[in-house]
Amino acid sequence: MTIAISIKRLSLLGCALILLLSALPAQARLAWEEGASIEPSAEVLDVAYSLDGGRIYVLTAQQEVLVYDAKGELTGKVPVAAGSKRLSAVGLQSAGIPEKLLVAGEQEIQELKIRFAVAIDTDHAPFLGPEDAPVVLVEFSDFQCPYCARVKPLAEQLLLNNDDLKVVFKHFPLSSHEQARPAALAAMAAQEQGKFWEMHDRIFAAQRELSPQKLRAIARDIGLDMERFEQDINSRELAQRLEQDIAAGKEAGVRGTPALFINGLPVTRRDRQSIQQMIDQAREEQQ
């Protein structure tokens, strides 16, 4: 069965057109275009269109919701409860916020929350693990955030258990933390001298006593060239790179720290078992 769904907006005002159609003069014309056509592999029970106009959802008799992009290409399948017959999109998806669907049967209404992977630029970002690893965990972090400090042992354990995992660090200093931005710049300056992870560990260990003086003391202790360190923490280049990290986080929907993503999908449960399940799934998708 082929379903043709226009994915381009009408050139006339949608709702107003319906309300005023009977009042329009006889010479009025309706402009339309044919959009994408899709051919589901099973009997279609219902169709919904995402509120942002970017996706088509198809409920089939195999009790699955097929997810198509705006070009009509299948991007995923979501199993639903047996007996489902109706489908509607009820929530607009945006960065970091899932799109919501309602799937209705005769006696049950099921809510689905669907998240989509986001592209995160990791150029110049420090990382651990294989550079070309098929599974990438990206962490947006704030050096003054106590919860971010707890990610370090978790990431270390995940790296030990997954030799195909790459852990990438991205800076996201919160405005409410006075020392977070200076600490981020200090870590970036240490990265310029090949000692990011040493600085990273020492900053988190001294999290409760952070100050410009403490950051410089740590830099001296790990053997940084202090003249170069001072130049770098005050450089426009590192400041711009930090802003790029923050912008990348906001684009991905980051609102607080730590924020973790596995192959672009947000991690909603930060316990080791849940993250390992996401890693295993991401690995299977790459095979």
Side-chain angles (χ1 to χ4, degrees), residues 118-133 135-156 158-160 163 165-252 254 256-264:
V118 295
I120 301 174
D121 182 8
T122 59
D123 287 348
H124 305 296
F127 66 89
L128 297 171
E131 184 173 5
D132 58 349
V135 184
V136 180
L137 188 157
V138 176
E139 171 195 359
F140 285 90
S141 186
D142 173 315
F143 279 113
Q144 209 174 346
C145 167
Y147 301 103
C148 293
R150 301 176 188 176
V151 173
K152 178 178 177 292
L154 172 62
E156 291 173 346
L158 291 169
L159 284 166
L160 284 175
D163 57 10
L165 175 66
K166 175 182 177 181
V167 175
V168 178
F169 188 95
K170 299 282 282 183
H171 299 279
F172 199 83
L174 302 176
S175 58
S176 58
H177 291 159
E178 183 178 354
Q179 299 302 321
R181 186 180 182 89
L185 289 170
M188 297 174 78
Q191 182 185 354
E192 293 297 292
Q193 298 187 43
K195 293 191 175 184
F196 171 83
W197 293 106
E198 291 179 62
M199 194 69 169
H200 167 281
D201 293 352
R202 291 289 298 273
I203 291 176
F204 272 128
Q207 190 176 61
R208 295 185 178 182
E209 49 182 323
L210 288 180
S211 68
Q213 295 77 18
K214 183 64 177 179
L215 292 169
R216 285 165 174 80
I218 295 173
R220 284 191 294 270
D221 288 346
I222 65 175
L224 295 184
D225 179 331
M226 293 306 295
E227 181 177 354
R228 181 181 175 187
F229 177 79
E230 292 292 347
Q231 291 175 349
D232 286 338
I233 63 173
N234 293 297
S235 71
R236 178 179 298 180
E237 179 184 354
L238 290 195
Q240 290 177 341
R241 198 183 301 170
L242 177 56
E243 291 303 323
Q244 289 171 356
D245 270 14
I246 295 171
K250 290 180 178 179
E251 186 175 348
V254 176
T257 56
L260 308 179
F261 296 81
I262 294 178
N263 284 11

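Index from 1, following the sequence.
For Ala184 against His171, the heavy-atom pair with the smallest separation is CB-ND1, 3.6 Å. Pairing each heavy atom of Ala125 with each of Lys170, the nearest pair is CB-CD, 3.9 Å.
With sequence neighbours excluded, the residues satisfying side chain to side chain contact (heavy atoms under 4.5 Å, CB included) with Ala189 are Phe229, Asp232, Ile233, Leu238. Contacts of Phe204 classified as ring-ring contact (aromatic ring centres under 6.0 Å, His included), with partners at least two apart in sequence or in another chain: Phe143, His200. Residues passing the side-chain hydrogen bond (donor to acceptor under 3.5 Å, both in side chains) test with Gln144, sequence neighbours excluded: none. Applying the side chain to side chain contact (heavy atoms under 4.5 Å, CB included) criterion to Ala259, with sequence neighbours excluded, gives Phe140, Val254, Phe261. For Val136, the side chain to side chain contact (heavy atoms under 4.5 Å, CB included) partners at least two apart in sequence or on another chain are Val138, Lys166, Val168, Asn263. Partners of Glu243 under the side-chain hydrogen bond (donor to acceptor under 3.5 Å, both in side chains) rule, at least two apart in sequence or in another chain, are Arg181. Every residue was checked against the side-chain hydrogen bond (donor to acceptor under 3.5 Å, both in side chains) condition with Thr257, not counting sequence neighbours, and none meets it. Taking the side chain to side chain contact (heavy atoms under 4.5 Å, CB included) definition, one finds that Gln240 meets it with Arg236, sequence neighbours left out. For Gln207, the side-chain hydrogen bond (donor to acceptor under 3.5 Å, both in side chains) test picks out no residue, with sequence neighbours left out.
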What pairs of donor and acceptor atoms, side-chain ones from residues 172-179 against any protein atom, are under 3.5 angstrom apart with sequence neighbours left out?
from   : atom 1 : to     : atom 2 : distance (Å)
His177 : ND1    : Asp142 : OD1    : 3.3
His177 : ND1    : Asp142 : OD2    : 3.1

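Every pair passing side chain to side chain donor-acceptor pair (under 3.5 Å) that includes a residue from residues 212-221 is listed here, sequence neighbours excluded: Arg202-Asp221, Ser211-Gln213, Arg216-Glu230. The side chain to side chain donor-acceptor pair (under 3.5 Å) contacts involving residues 185-199 comprise Glu192-Arg241, where partners must be two or more places apart or lie in separate chains.
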Quiz prompt | Audit row: Leu165, Val167, side-chain contact (heavy atoms from CB on, under 4.5 Å) steps and yes/no | solution = CA-CA 7 Å; Leu165 175 66; Val167 175; 4.1 Å; yes

